[in-house]
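Everything on this sheet refers to the single structure shown next.
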Amino acid sequence: MEYRKQKEIEHYDEKAEELMKKGYLVGTEGDFEGFKPNDLSSFSFCYKLLEENCKGKKVLDYGCGNGVHTVFLARTGAEKVIAIDLSEKSLKIAREKAKREGMEGKIEFLAMDCEKLEFAGNSFDVVFDGGSFSSLDIEKVYTEIARVLKSGGILIGIETFGHNPVANLKRKLNKATGKRTEWAEGHIFNLNSLKLAKKYFGEIKAWHFHIVSFLAIPFLEIPGGKIILKILEVIDRALLSIPFLRKYGFKAVFIMKKTIKYV
């Protein structure tokens, strides 16, 4: 296995161990840092897209981590949800979450390399990416997702976007403090990633969020934190109406449709 993958597994196994030591094996709604997706308008928008597109479909949760989004995917009415990750300890938490929510029979969790999917071609109607791309080689990501999607199938994703200078500085600090790996800090999804996607997908739509409102994220659990977030999101809507500013959004939500023949 490549060294960079070993480091990613070690990082997320360590985060999972920390979570379990705190007694949070089944008791967290968020990711390893306690972030709760529904707090942000970007995730609410992404979840709405999933609700509109997953019912009755076979769905792959691509790089599911500790299962922060997996139960939601099952609740969209998906016919089947398969969730994959290379971190066995993260998957342990994800399985316990599904069990706690009574959804273990609707979700299959598998230890698998996202860059070498063990599925036949044309296996899925929908692939969901909840922010795993920075841990991976993006061209290998697109190659494998396009291969396993059925014709007309879609990739729905939400990723941190790599052009906001304040957010980029924070990522460097996160790497220095061990919250992010070196690979993940240096491979954030960006405009070039969207451009590369055109090689694999026939239709691509992207929406941008949080030019300034991401600054409220560290304060969401204190009194008034969510009010500050809502105020800053109003400012965001004005800023995001200006096309050249959109790339500075902290998050990007996208849909990519497989409409071209892929061999």
Side-chain angles (χ1 to χ4, degrees), residues 1-12 31 42-43 46 49-50 59-65 68-69 82-87 90 112-119 121 123-124 126-150 153-165 167-168 170-172 174-175 179-210 246-263:
M1 181 180 291
E2 295 174 60
Y3 176 75
R4 64 177 176 87
K5 293 182 182 180
Q6 293 175 340
K7 297 303 292 183
E8 292 294 315
I9 294 170
E10 289 172 7
H11 175 78
Y12 286 104
D31 63 10
S42 53
F43 281 92
C46 186
L49 292 178
L50 291 167
V59 180
L60 175 64
D61 189 357
Y62 183 86
C64 67
V68 62
H69 307 291
I82 297 178
I84 65 168
D85 204 276
L86 265 180
S87 169
S90 297
M112 190 180 299
D113 187 342
C114 286
E115 295 177 7
K116 297 179 181 178
L117 298 178
E118 298 167 26
F119 305 112
S123 292
F124 294 93
V126 179
V127 174
F128 170 65
D129 158 51
S132 62
F133 285 3
S134 62
S135 295
L136 303 164
D137 181 315
I138 191 64
E139 185 140 23
K140 292 179 180 178
V141 163
Y142 287 151
T143 299
E144 283 296 272
I145 291 177
R147 182 181 66 80
V148 301
L149 273 175
K150 297 176 183 177
I154 56 173
L155 164 64
I156 298 176
I158 181 166
E159 284 285 342
T160 300
F161 214 54
H163 298 283
N164 188 302
N168 288 343
K170 182 178 182 299
R171 287 187 201 101
K172 292 184 182 299
N174 285 342
K175 182 183 74 172
K179 293 182 178 180
R180 290 288 183 274
T181 64
E182 182 174 358
W183 176 273
E185 187 273 329
H187 292 80
I188 300 298
F189 196 76
N190 56 29
L191 288 173
N192 287 334
S193 308
L194 285 173
K195 182 178 180 181
L196 179 64
K198 296 177 182 178
K199 179 179 175 182
Y200 299 90
F201 301 93
E203 295 179 12
I204 300 170
K205 294 181 181 179
W207 299 264
H208 300 270
F209 298 83
H210 314 304
R246 291 173 187 162
K247 72 175 184 178
Y248 296 110
F250 178 61
K251 291 288 183 182
V253 176
F254 49 86
I255 293 182
M256 302 181 184
K257 187 173 184 179
K258 180 180 174 180
T259 59
I260 54 179
K261 184 177 180 181
Y262 182 81
V263 178

Restricting to non-hydrogen atoms, name the atom on [X] and the atom on [Y] that form the minimum distance, rounded to 0.1 Å.
| X | Y | result |
| --- | --- | --- |
| H208 | A252 | ND1-CB, 4.0 Å |
| T259 | G202 | OG1-CA, 3.0 Å |
| Y12 | S87 | C-OG, 3.8 Å |

Does the distance from a Lys or Arg side-chain N to an Asp or Glu carboxylate O, for E185 and K172, drop under 4.0 Å?
->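 Looking at E185 and K172, the cut-off is met.
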
Are the side chains of [Y] and [X] in contact, using a 4.5 Å heavy-atom criterion?
| X | Y | result |
| --- | --- | --- |
| E159 | D129 | yes |
| T160 | F189 | no |
| M256 | L149 | no |
| F161 | F209 | no |
| Y200 | V141 | no |
| L155 | Y62 | no |
| C114 | L86 | no |

Do the side chain of [X] and the main chain of [Y] share a donor and acceptor less than 3.5 angstrom apart?
| X | Y | value |
| --- | --- | --- |
| H69 | D61 | no |
| R147 | L117 | yes |
| K258 | A146 | yes |
| Y142 | S193 | yes |
| N174 | K179 | no |

Flag if over 12 foreign heavy atoms under 6.0 Å of [atom1], [X]:
| X | atom1 | result |
| --- | --- | --- |
| E2 | CD | yes |
| K140 | NZ | yes |
| Y248 | OH | no |

Determine, step by step, whether F201 and I255 satisfy the side-chain contact (heavy atoms from CB on, under 4.5 Å) criterion, reporting the C-alpha distance in whole Å, the side-chain angles of both residues, the deciding distance to 0.1 Å, and the verdict.
-> CA-CA 10 Å; F201 301 93; I255 293 182; over 6 Å; no

Could you list the residues that satisfy side chain to side chain donor-acceptor pair (under 3.5 Å) with H210, not counting sequence neighbours?
->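 Side chain to side chain donor-acceptor pair (under 3.5 Å) list for H210, sorted by chain: S42, S213.
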
Please name all residues satisfying side chain to side chain donor-acceptor pair (under 3.5 Å) with E115, sequence neighbours left out, ordered by chain then number.
->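 E115 satisfies side chain to side chain donor-acceptor pair (under 3.5 Å) with R4, K5 once adjacent residues are dropped.
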
Between atom [atom1] of [X] and atom [atom2] of [Y], what is the distance when rounded to the nearest 0.5 Å?
| X | Y | atom1 | atom2 | value |
| --- | --- | --- | --- | --- |
| L196 | E139 | CG | CD | 5.0 Å |
| C46 | K251 | SG | NZ | 10.0 Å |
| W183 | H11 | CH2 | NE2 | 15.5 Å |
| D113 | D85 | CG | CG | 10.0 Å |
| L60 | F119 | CG | CZ | 5.5 Å |
| N164 | I188 | CG | CD1 | 12.0 Å |

Do E8 and T181 get their side chains close enough for a donor-acceptor pair, meaning under 3.5 Å?
->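 Judged by distance alone, the side chains do pair up.
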
